[in-house]
Amino acid sequence: MKHPFLDLGAVNLPYLDQLKAAATRVIESGRYIGGPEVEAFEEKMQEVAATRYAIGVSNGLDALRLILRGYKELGRLRDGDGVIVAGNTYIASILAIVDAGLTPILVDPDPLTLNLSAEGILEGLKHGHAKAIMPVHLYGRLAWDSEMASLAQRNHLLVVEDVAQAIGVRAAGAFSAGEPVAVAGGLGDAGAFSFYPTKNIGALGDAGAVTTSHHDLAEAVRALANYGSDRRYHNIYAGFNCRLDPLQAALICVKLQYLDQENQARRQRAELYHKLIKNPDVKLPPLPSSACQMVWHQFVVTTPHRDNLARYLRHHGVATDINYPTPPHLQPCFEGREPFASASLPITERLCKELLCLPISSATPLPSIHHIAQTINDFSPTSL
Ligand SMILES: *Cc1c(COP(=O)(O)O)cnc(C)c1O
C-alpha cells in the first residue's frame, strides 16, 4: 500500500462541487480583476485574523514584501534596518527582508518549538540596529508569547508575522486573557498569509493576503500592490502589480468556510502520531500547552538517523518530505554575502540534517497514520 506525502486532489475533493460553482460564477460575472469576490475574501480574512483590514495579494512572498515596503514608504523602516528572524524559516521570509533593502538578523530557533523565542529576540537585539521582528509560525506552531510581546514593545520593534504555515493558529491561556486580539495575523503590526496549494488552506494556484489593524499600512499595501496608485492613473509610489485574482479569491472563500475542520483534521492526525509513535530513536514535536496554538502544517520528527529513516519509510511505501534540507543562509544566492556568510546557526544547521516531515494532510487516512506509526516503531538505525 502507498502512502503519499500530500495528495492535493484528495484534499480538494470534498469541496469539488462548491469550487466548480464558484469558478463558474466568476467566469460568468465578466469581472476578472478586483470586485466583489476579492472584497468578500478580504472581509473573511479580517475575521480570520481579527484585524480591521485585509488585502488580497498575489502570494505569500509578495504579502511580506508589500508589508516591509509599506513600512519603508511610511518612514517606519529605513534602508539597512535589522529584522530579527529565525534562521530555519523558509527562504521566502528572508527574500522579502533582503528585497526591501533591510538586513536580516538571523538567530537560531528554540530547539524544542523550532520557532523564534524571547531568547532569540534578545540575541538579535545585541546587533543594535534591529527595528522589527518577523515571527514565523513555522510548521503551524504559534511563535508568540507574552514575553516576546513585551520585548517587542519595550524595544519599539515592528512585529511582522509570517503566517504562511499557520492560518487560524491562536494564542491561549494567560497571554490571550484580556487581549482583544489573539489570532495569528492580528498579534503584531501586520500579518502575511499564503494560499499556496500545499498550505493548510490552499488556493488552486498562487494567492496571499496581508492583514493589519493599522489604517496607514493597509492603505500603503493596497496602493503598492496596484502599481502604487491611490486612485486611477495617480501613482503615489513606484509600486508593483501584486493583486489577487477574483477567481482564486472565490475558490479560497469556499475553503475558508471549513478552516476549523481542516485544522481539526490535522490536530487529530498529530495527536494520533503522538499516541502511537514510540521509538526512542525518533523525537516527536512537543504538543503545545493548548491545542489552538498549533495547526500542524507539518508533523516534524527529528532523528540523527534521518536519511536512514526516510529511505526505510520509502521502502515501506511511505513518502516523507524535508522542510528544509538547506537553510537560507547556506543557499547559493547568499554565498559570500553578509550577514549570511558569517552567520553562526548551529541549531538551524543540525535541524536541516535531522528533521523529517510525515504525511499529515486532512486527506491522510487515519489507517495510514496507524500504519506509518507502526512502521516507524519497527525502525532501528540499522534497518534496511
Ligand atoms: C510558503 C511560505 C511563504 C511564501 O508563500 P508563497 O505564497 O509561496 O509565496 C513564506 N513564508 C513561509 C514560512 C512559507 O511557508
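The figures that follow rest on heavy atoms only: side chains count, while hydrogens, waters and symmetry mates do not. Both ligands and their constituent atoms are indexed starting at 1 by order of listing.
With no hydrogens or angles considered, no side-chain donor-acceptor pair links Thr24 and Glu28 at under 3.5 Å. Side-chain atoms of Gln18 and Tyr258 include a donor-acceptor pair closer than 3.5 Å.
For the pair Arg269 and Phe299, the cation-pi criterion (under 6.0 Å, within 45° of the ring axis) is not fulfilled.
Remark: Tyr237 engages no residue in a ring pair (Phe, Tyr, Trp, His ring centres under 6.0 Å) (not counting sequence neighbours). Legend: residues meeting side-chain hydrogen bond (donor to acceptor under 3.5 Å, both in side chains) with His156, ordered by chain and number and at least two apart, are absent.
Counting only residues at least two apart or in different chains, side-chain hydrogen bond (donor to acceptor under 3.5 Å, both in side chains) contacts with residues 124-136 comprise Glu123-Lys126.
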Note every protein N or O atom lying under 3.5 Å from an N or O atom of ligand 1, pairing the names and giving the distance.
residue  : atom   : partner : partner atom : Å
ligand 1 : 5 (O)  : Ser194  : OG           : 3.3
ligand 1 : 7 (O)  : Gly60   : N            : 2.7
ligand 1 : 7 (O)  : Ser194  : OG           : 2.6
ligand 1 : 9 (O)  : Gly60   : N            : 3.3
ligand 1 : 9 (O)  : Leu61   : N            : 2.9
ligand 1 : 11 (N) : Asp162  : OD1          : 3.3
ligand 1 : 11 (N) : Asp162  : OD2          : 2.7
ligand 1 : 15 (O) : Gln165  : NE2          : 2.8
ligand 1 : 15 (O) : Lys199  : NZ           : 2.7

